[in-house]
Amino acid sequence: MDPVPWMEKLNDAQKEAVQATEGYVRVIAGAGSGKTRVLTYRLAYLVTVLGILPENILSVTFTNKAAGEMRRRIRDLLGENSAALVNTFHGFCVTILREEIHHLFYPNRFLILDVEDQKALLRELYGEMGISARDFSYSEILHEISSRKSNGLYVATVCDPAFQAGPPPSGGEVPDKRAAIFSGYLAKQRKLYALDFDDLIQFVLHLFLTVPEVLAKWQERIQYLQVDEFQDVSSRDYELACLLSGKYGNLFVVGDPDQTIYSWRGANIRYINEFDREFPNVRTIVLDRNYRSSPSILSVSNSLIRHNVNRIEKQLVPVRQSVFRVLHHHARTAKEEGWWIARKILSLREQFGLEFSDFAVLYRANYVSRVIEEAFVRNKVPYTLYNGTEFYSRAEIKDCLSYLRLLAFHDDLSFLRVVNLPSRGIGKTRIAFLKEYAAKNGTTLFEAFRRNGSDRIFARTGASEFLDAIAEGERLVDHVPVSDLLDFLLKKTGYEAELLAGGDDDRKNNVAELKESIDDFEKDAGEPTTLADYLSRIALFTDLSRRERGDSVKLMTIHAAKGLEFPYVFVCAMNEGIFPSQRSRDRRDIEEERRIAYVAFTRAEDGLFLTDAEGINFDGSPRVPSRFLLNIDAELYDHDGRIDPALWNVTRQYEKVTDWDETPEAEAPEAIGVKSRVRHPVFGNGTVLGVSPDRRFFTVKFDAIPLPKNISSDFRGLTLAEE
DNA sequence: ATTTTCGAGATTTTT
DNA sequence: TCTCGAAAAT
């Protein structure tokens with residue numbers, strides 16, 4: 001008695017979820033339990049069985065990859081015009097802002113800043129303030145800006161028409177330099193009318209809370225809201241979902257608390273765990289049948305995740321038959337580890353008639369990929385590197401996009417990037433001249449340049465050639481596709497000539513790949529795309545990074561692999577300090593690392609291989625196998641290669657520091673000062689070389705380790721040594 | 001005044 | 001291994 005034939009493919013719990021369209025519904029969906037299928041079928045059910053209009057339905061996720069996959073599937077079920085009902089949080093915010101941002105005294109054309117842009121903006125600011133990047137590292141400051149922004153109040157400041165975008169306070173002793181950097185950053189972003197990733201959501205929330213008719217309009221539109229990966233929502237995402245679904249009260253959330261791996265970005269497991277206490281009459285559906293992984297892989301995963309204390313017990317039940325037992329390989333060097341993986345892939349492929357694309361290699365941190373790549377090159381294993389942000393932050397890609405952005409926005413950020421690229425003899429001094437003119441006349445740098453391009457200051461430079469190219473490009477903007485526009489610009493500005501002259505094939509390929517991706521984008525959109533359209537979308541595409549080339553092994557971080565599945569998975573560099581990361585300092589951090597491992601393991605369908613290698617860490621300490629290997633019941637997996645029991649002992653030492661419930665009562669950190677002799681549970685005895693100005697950490701030279709290490713002053717394990 | 005070179009420092013995860 | 005900033009060279 002199913003209303004639609006495809007419902008036959010679903011089990012009872014999945015069917016129940018698909019048909020639970022009204023009210024507040026929470027689905028706890030274990031890895032590989034057919035979550036995506038439920039989400040897509042539910043959309044199809046709403047449209048075909050209930051007759052709901054697609055524009056009244058919205059399905060949101062976090063990544064473009066997941067949204068793209070959903071769009072593809074829903075298109076297969078419902079046809080072309082259904083794509084719009086799937087979006088990412090950020091993409092949907094852009095949609096809202098393009099219609100509504102004028103309420104906030106921002107123009108409808110706003111610029112979206114990615115991390116590289118943010119850094120460029122900071123670099124400018126530092127120059128004006130006379131600050132060095134050594135004292136205030138970009139990433140640290142960006143993190144702080146992000147957390148300062150999370151209180152939401154700044155939006156009102158930035159949008160205030162009276163907000164002065166003047167130069168930040170400089171010279172003299174500013175009591176709080178970080179506060180000054182923050183306000184300087186806000187001033188700069190306002191001047192550019194730019195929004196960074198945090199702003200996209202913050203501005204929408206601010207709009208909803210201050211302009212009631214905007215909220216009412218979107219609440220009316222979104223009659224059915226479903227949210228994927230709900231375990232990863234932050235307080236802002238949560239607030240947005242609640243507001244949007246506030247009128248009709250149809251909110252359907254899906255997630256798996258065991259797969260929370262974005263805490264560092266504000267994800268809070270609380271929102272899924274306490275969902276039933278927040279809303280009335282919540283229906284909870286549990287999907288615990290696993291269709292993806294073989295029983296061996298599943299029991300290893302279950303065995304691992306059981307070590308997390310803060311967790312709701314849930315056992316995944318396998319549906320499939322086992323193919324291989326999970327295998328661990330311990331290598332003597334990182335190089336050998338890479339070679340073992342390459343060799344294993346070649347032999348499995350030979351033996352079972354597999355494709356290279358059946359294999360994925362996952363790792364905790366991007367830098368691990370280098371060794372693997374090298375081994376793959378040597379063994380002629382074709383691979384595709386999915387390196388998150390890296391593709392779009394490649395210099396040549398940013399260059400190309402900056403040229404396009406300069407045409408669309410005339411903004412200072414893009415201008416500064418491309419004006420001397422290739423080198424036209426326009427350096428610090430001439431830029432300073434432009435800045436002065438721009439400040440005096442209230443124009444953009446580009447306008448200043450256009451007015452003064454023939455001034456004698458710019459004699460003997462390529463100024464006129466550059467201005468001609470841009471002017472001609474502007475005439476073309478509305479008449480040719482974006483891809484042709486880029487082609488034109490690169491030729492006319494001499495960028496392409498310079499690129500071809502250099503022997504760097506990677507850079508050439510990257511530019512070629514960008515052109516292809518623009519082509520794809522235009523075909524995908526169906527209708528002619530405007531430049532502004534393209535630019536506002538591309539800013540969010542950080543993970544579309546690289547198209548798979550031919551039949552090849554996929555290399556990516558575990559975070560990037562979330563939501564994907566592969567027949568054969570290698571999880572490499574399973575060493576203390578890499579995985580779990582050296583940065584994890586307490587039990588909560590370790591539990592998140594363990595969830596990351598759990599996500600990695602549960603990506604595998606038929607085969608799972610875990611590898612680690614001995615060697616030296618950055619700080620000179622020796623590498624030992626990851627504690628997660630010890631977490632798995634020994635009889636559930638096999639070892640290939642012998643491990644010196646002494647290594648396991650060191651692993652246990654590490655484990656004691658962070659994994660035990662409470663570290664024993666220790667001396668108050670105040671007692672430790674410069675030249676104190678201290679004792680550390682893992683590194684042994686050492687001497688304190690220095691204390692950070694804010695007393696956040698001590699710099700300690702341990703006797704047994706060549707380089708000094710910074711130890712958090714909150715860390716209770718560091719005590720005065722009794723000698 | 002601009003470009004090149006060289007050395008030091010940094011390395012989680014990403015929308 | 002790669003990136004960034006300051007000094008040297010053109």
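Residue numbering restarts at 1 for every chain, and letters A, B, ... go by the order of the sequence lines. Quick caveat, the model's predicted, so the values are computed rather than measured.
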Checklist entry - Given atom CD of A/Gln118 and atom C1' of B/dT14, what is their separation to the nearest angstrom? => result 12 Å
Checklist entry - Using a cut-off of 4.0 Å on non-hydrogen atoms, how would the nucleic acid contact of A/Asp198 be classed: base, sugar-phosphate, or nothing? => result nothing
Checklist outcome for this item: Distance col, row A/Tyr363:OH vs A/Arg370:CZ, nearest 0.5 angstrom, shows 10.5 Å
Checklist outcome for this item: To the nearest angstrom, the CZ-C1' distance between A/Arg236 and B/dT14 comes to 14 Å
Checklist entry - Do A/Tyr437 and A/Asn452 get their side chains close enough for a donor-acceptor pair, meaning under 3.5 Å? => result no
Checklist entry - Out of B/dT15, B/dT13, B/dT2, which nucleotide sits closest to the side chain of A/Asn366? => result B/dT13
Item to check | Comparing A/Ser139 and A/Thr557 on DNA chain B - which has the more 5′ nearest nucleotide | outcome: A/Ser139
Checklist entry - Starting at the 5' end of DNA chain B, what dot-bracket string do you get if Watson-Crick and G-U pairs under 3.5 Å are bracketed, crossing pairs use [ ], other-strand pairs use | and unpaired bases use dots? => result ||||||||||.....
Item to check | Atom pair OG1 (A/Thr493) and CD (A/Glu465), whose distance is rounded to the nearest 0.5 Å | outcome: 8.0 Å
Checklist entry - To the nearest Å, how far apart are A/His90 NE2 and B/dT15 P? => result 9 Å
Item to check | C/dC4 versus B/dT13 - spacing of their C1' atoms, nearest Å | outcome: 23 Å
Item to check | side-chain contact (heavy atoms from CB on, under 4.5 Å) partner of A/Leu555, chosen from A/Tyr386, A/Tyr383, A/Phe570 | outcome: A/Tyr383
Next on the checklist: Under the criterion of centre distance below 5.5 Å and interplanar angle below 30°, is A/Trp264 classified as stacked on the base of B/dT13?
Outcome noted: yes
Checklist entry - Please give, in whole Å, the distance from B/dT15 C1' to A/Leu142 CG? => result 14 Å
Checklist entry - Around A/Glu436, counting heavy atoms of other residues, nucleotides and ligands shown, do more than 12 lie under 6.0 Å from its CD? => result no
Checklist entry - How would you label the contact of A/Phe579 with the nucleic acid (heavy atoms, under 4.0 Å): base, sugar-phosphate, or nothing? => result nothing
Next on the checklist: To the nearest 0.5 Å, what is the distance between SG on A/Cys93 and CZ on A/Phe203?
Outcome noted: 12.0 Å
Item to check | Centroid-centroid distance, A/Trp218 to A/Phe92, less than 6.0 Å | outcome: yes
Checklist entry - Tell me, do A/Val227 and A/Leu225 make a side-chain contact under 4.5 Å, heavy atoms counted? => result yes
Next on the checklist: With a sphere of 6.0 Å drawn around NZ of A/Lys435, does it hold more than 12 non-hydrogen atoms of other residues, nucleotides or ligands?
Outcome noted: yes
Next on the checklist: How many whole angstroms separate atom CE of A/Met556 from atom C1' of B/dT13?
Outcome noted: 15 Å
Is there any protein nitrogen or oxygen under 3.5 Å from a nitrogen or oxygen in nucleotides 1-5 of chain C, and what are the pairs?
unit_1	atom_1	unit_2	atom_2	d
C/dG5	OP1	A/Tyr138	OH	3.3

Item to check | Distance, nearest 0.5 Å, that separates NZ of A/Lys119 from CD1 of A/Ile141 | outcome: 12.5 Å
Next on the checklist: So if I take every side-chain heavy atom of A/Arg430 and compare against B/dT2, B/dT15, B/dT14, which nucleotide ends up nearest?
Outcome noted: B/dT2
Next on the checklist: Rounded to whole Å, please give me the gap between CZ in A/Arg595 and C1' in B/dT13.
Outcome noted: 13 Å
Item to check | Separation of B/dT13 P from A/Ile558 CD1 (nearest whole Å) | outcome: 11 Å
Item to check | Length of the CG-C1' vector between A/Asp196 and B/dT15, whole Å | outcome: 11 Å
